[in-house]
Amino acid sequence: MHLLPEASWLQFNRRVLLQTERLDFPLLERLRFLAIWNRNLDEFFAARIAKPFLEARCGTAHLALLEEAKAQARLAAGRYTALLQEAAPRLRVLNPEDLDEEDWLYFRVYLAEVVAPKTDLIPWEAAGDLSHGALYFASEEYLVRLPQDLPRLLPVPGREGAYVRLGALMRFRSDLFLPEEGPLHELRVLRLLESERARADWDELAQALEGRQEGLPTLLVVEEGFPEAWLGHLRTALGLSPEETFLLPPPLNLALVERLVAEGPPEWRFPPLKPERPRHFLKRPLAHLERRDLLLYHPFGDYRAVERFAEEALAPEVREVWATLYRIGEENPLAEALIRAAKAGKRVHVLLEGRARFDELLNLSWYLRFLRAGVEVLPLPERKVHAKALLLLTQDGRGYAHLGTGNYNPQNGRLYTDFSLFTARPEVVDEVHRFFLAMREERRPELSLLRTGEGIRNLLLEEIAREAHPKGRILLKFNHLTDPQVLEGLVQAAEAGARVELLVRSTLTRLHPAFRVRSLVGRFLEHARVAAFRAGGKWRVYLTSADAMPRNFHNRFELLSPVLDPEAKQAVIKVLKRQVRDDRNSFLLTPEGEVRLWGGKHDAQRL
């Protein structure tokens, strides 16, 4: 059974939405999943829908995607209402009609003094230029844009746990925003923000971003009861079909529940996780690695160890540092450690991938910070760099490396499940160094123990073929598994009798009756990429930054590394075996459909 990548990803987002129904999750965590689903769907229409939209718009496949997305949006609207009912009376989102005279003493001034001066009044002639994701109102004569820098959900002064939507207040007092009082109706437009332009350096990146907001509209969302004549005008101006229009009850952007999640009762959240701390490593990282490798599984193994390793860049014996950085966030102790090392006179080289989608502006800020601190920022190669590697080299020729499956991001490191491998093995350190030198010289790296690009696919195909027999066992964990060659190899291995077990979080484009496939969706985002193989003997285990997708093999620099330490190898296998038994966070994926596995005894997200 073959699936479109976009259809498979939408099914994953439905699994995210279904987390709002889990009674074993605290209420605020279920609301958080509603916000995650909303952000995911916005991203889908801003980027992931690009291929069916541009190549076969309003064809069968595109229309099926729209229908599934609309069904999810309707389900999400119902879940929003149900979760708020469950939260009452401790958390409430009031209607303007629920406010009393004392409340309006405050909100009248807020609307007049804070909101009205920032509100744009737009003529209908400009309807085709509405911005991506912004919330608008339509009136008979004008379109009204809500200020982007104001919160969508406002606390009601003096009423603990009570909030009111800014949009609802504005429609209630339309006289403050229109020349003449009249009805207002909510709408949003989503646009394709992908830039197809090849970008090879930082100045070209900035130029490409300047025009991104002008992307083609992909979806119009309006509230139920929107006047049909106005709706027709909007569709014409935006060039959208009726199928590309969703009619939903307000609010049209459910990301506003993030405020409830942040400010709601602490007992309605997951209790804080207490990760295991590798104490000896944290005290003296380099000395520890002289004796043995260290493998951590985040967030159960403390991500602080990664930051502590980066701080060793300031150690007297370290002379040179190399790092790949991808989606590192606004505040990052690891990046700050590299800046301090450069200011202290160390040779610091950073390959900062500036083209990580929707993080480009933040990356430009880090680029300038690194540059002005004396860090050598390597030129952006033609391919994106998605590898996760950090290398410390000492005065006496020794080296220490960190290789990971996740980004060097302090928030993600505590919320995503990922593996970290620390090693001082000369054969690994040498190849990591060669990888960085190739990046600096803008050429393809020549590696043998580690693999990158096509080399990762070739190794996977070799290992899969090696296990294509009744005693073979293949265990793969990816976020996305869409590469046709890898999938065909898995089919052949399964039909030859091998046991093929797949842990695929998001996108899987081929299902086979002989595959055993699970998607885990729970408290932590499953993010690790692992490949393990065995034929009656010892496991062969690999960690990688790459998902098994054609673009990762063709258009990105990734890294795959074998796990050589026997104890580390067993630790990885133990995690994977727990996950293939999980019946608390799992969805069984079969050619006949999905089976929800909840409420069992095996919870792989509670190690």
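Everything numeric here is computed off the predicted structure, so don't read it as measured data.
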Evaluate the side-chain proximity of [Y] to [X]: yes if any heavy-atom separation is below 4.5 Å, no if none is.
X: Glu488; Y: Gln485; answer: no
X: Phe524; Y: Leu273; answer: yes
X: Asp293; Y: Leu295; answer: no
X: Val541; Y: Leu576; answer: no
X: Thr590; Y: Phe515; answer: no
X: Leu450; Y: Pro562; answer: yes
X: Leu490; Y: Ile464; answer: yes
X: His480; Y: Asn552; answer: no

Just by distance, with hydrogens left out, do [X] and [Y] show a side-chain donor and acceptor under 3.5 Å apart?
X: His62; Y: Glu6; value: no
X: Asn409; Y: Asn332; value: no
X: Ser448; Y: Glu431; value: yes
X: His527; Y: Asp418; value: yes
X: Ser506; Y: Asn479; value: no

Verify the neighbour count for atom [atom1] of [X]: are there more than 12 heavy atoms of other residues, nucleotides or ligands below 6.0 Å?
X: Glu454; atom1: CD; result: yes
X: Glu376; atom1: CD; result: yes
X: Phe533; atom1: CZ; result: yes
X: Arg444; atom1: CZ; result: no
X: Glu331; atom1: CD; result: no
X: Arg292; atom1: CZ; result: no
X: His554; atom1: NE2; result: yes
X: Glu317; atom1: CD; result: yes

Residue list, salt bridge (Lys or Arg N to Asp or Glu O under 4.0 Å) with [X], at least two apart or on another chain:
X: Glu501; answer: Arg473, Arg499
X: Glu463; answer: Arg466, Arg540
X: Arg398; answer: Glu290, Asp396

Donor-acceptor pair, [X] side chain versus [Y] backbone, under 3.5 Å?
X: Ser519; Y: Phe587; value: no
X: Ser8; Y: Pro5; value: no
X: Asn363; Y: Asp359; value: yes
X: Gln72; Y: Leu10; value: yes
X: Arg578; Y: Ala604; value: no
X: Gln605; Y: Arg523; value: yes
X: Arg32; Y: Val261; value: no
X: Arg518; Y: Asp582; value: yes
X: Lys346; Y: Ala315; value: yes
X: Trp366; Y: Gly354; value: no

What distance separates [X] [atom1] from [Y] [atom2], expressed to the nearest 0.5 Å?
X: Thr507; Y: Asp547; atom1: OG1; atom2: CG; result: 8.5 Å
X: Leu18; Y: Phe33; atom1: CG; atom2: CZ; result: 11.0 Å
X: Leu28; Y: Leu34; atom1: CG; atom2: CG; result: 12.5 Å
X: Arg529; Y: Phe419; atom1: CZ; atom2: CZ; result: 12.5 Å
X: Leu352; Y: Tyr367; atom1: CG; atom2: OH; result: 9.5 Å
X: Leu390; Y: Leu338; atom1: CG; atom2: CG; result: 6.5 Å

(message) Run Val530 and Val575 through side chain to side chain contact (heavy atoms under 4.5 Å, CB included) and show every step you take.
(response) CA-CA 11 Å; Val530 188; Val575 169; over 6 Å; no
Quick one: closest heavy-atom pair of [X] and [Y], and the distance?
X: Leu403; Y: Ala389; result: CD2-CB, 3.8 Å
X: Pro550; Y: Arg457; result: CA-NH2, 4.1 Å
X: Thr482; Y: Leu487; result: C-CD1, 3.9 Å
X: Ser420; Y: Val306; result: OG-CG2, 3.6 Å
X: Ala535; Y: Glu467; result: CB-OE1, 2.9 Å

(message) Is the ring pair His402/Phe309 parallel, tilted or perpendicular, if the boundaries are 30 and 60 degrees?
(response)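 The rings of His402 and Phe309 sit tilted, inter-plane angle from 30° to 60°.
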(request) Could I get the full list of side-chain contact (heavy atoms from CB on, under 4.5 Å) partners for Glu462, not counting sequence neighbours? (result)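 Listed in chain order: Arg451, Asn458.
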(request) Mind checking side-chain contact (heavy atoms from CB on, under 4.5 Å) for Asn40 and listing every partner two or more places apart, or none if nothing turns up? (result)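 Asn40 satisfies side-chain contact (heavy atoms from CB on, under 4.5 Å) with Trp9, Phe12, Asn13, Val16, Ile36 once adjacent residues are dropped.
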Salt-bridge present ([X], [Y]; N to O < 4.0 Å):
X: Arg48; Y: Glu43; value: yes
X: Arg584; Y: Asp24; value: yes
X: Glu594; Y: Arg596; value: no
X: Lys477; Y: Glu526; value: yes

(request) Could you pull out all residues at least two apart from Phe45 that satisfy ring-ring contact (aromatic ring centres under 6.0 Å, His included)? (result)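 Applying ring-ring contact (aromatic ring centres under 6.0 Å, His included) to Phe45 gives none.
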(message) Which residue in the set Val580, Val517, Asp603, Leu597 passes side chain to side chain contact (heavy atoms under 4.5 Å, CB included) when paired with Ser586?
(response)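 That would be Leu597; it is the only one of Val580, Val517, Asp603, Leu597 passing the side chain to side chain contact (heavy atoms under 4.5 Å, CB included) with Ser586.
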(request) Using the ring of Phe557 (Phe, Tyr or Trp, six-membered ring only), decide whether Arg383 places NZ or CZ under 6.0 Å from its centre and within 45 degrees of its axis. (result)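 Ring-cation test returns yes.
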(message) Taking the six-membered ring for Trp, are His386 and Tyr326 closer than 6.0 Å centroid to centroid?
(response)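 Yes - the distance between ring centres of His386 and Tyr326 falls below the 6.0 Å cut-off.
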(request) Applying ring-ring contact (aromatic ring centres under 6.0 Å, His included) between Trp322 and each of Phe436, Phe435, Tyr400, report the one that passes. (result)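 The passing option is Phe436.
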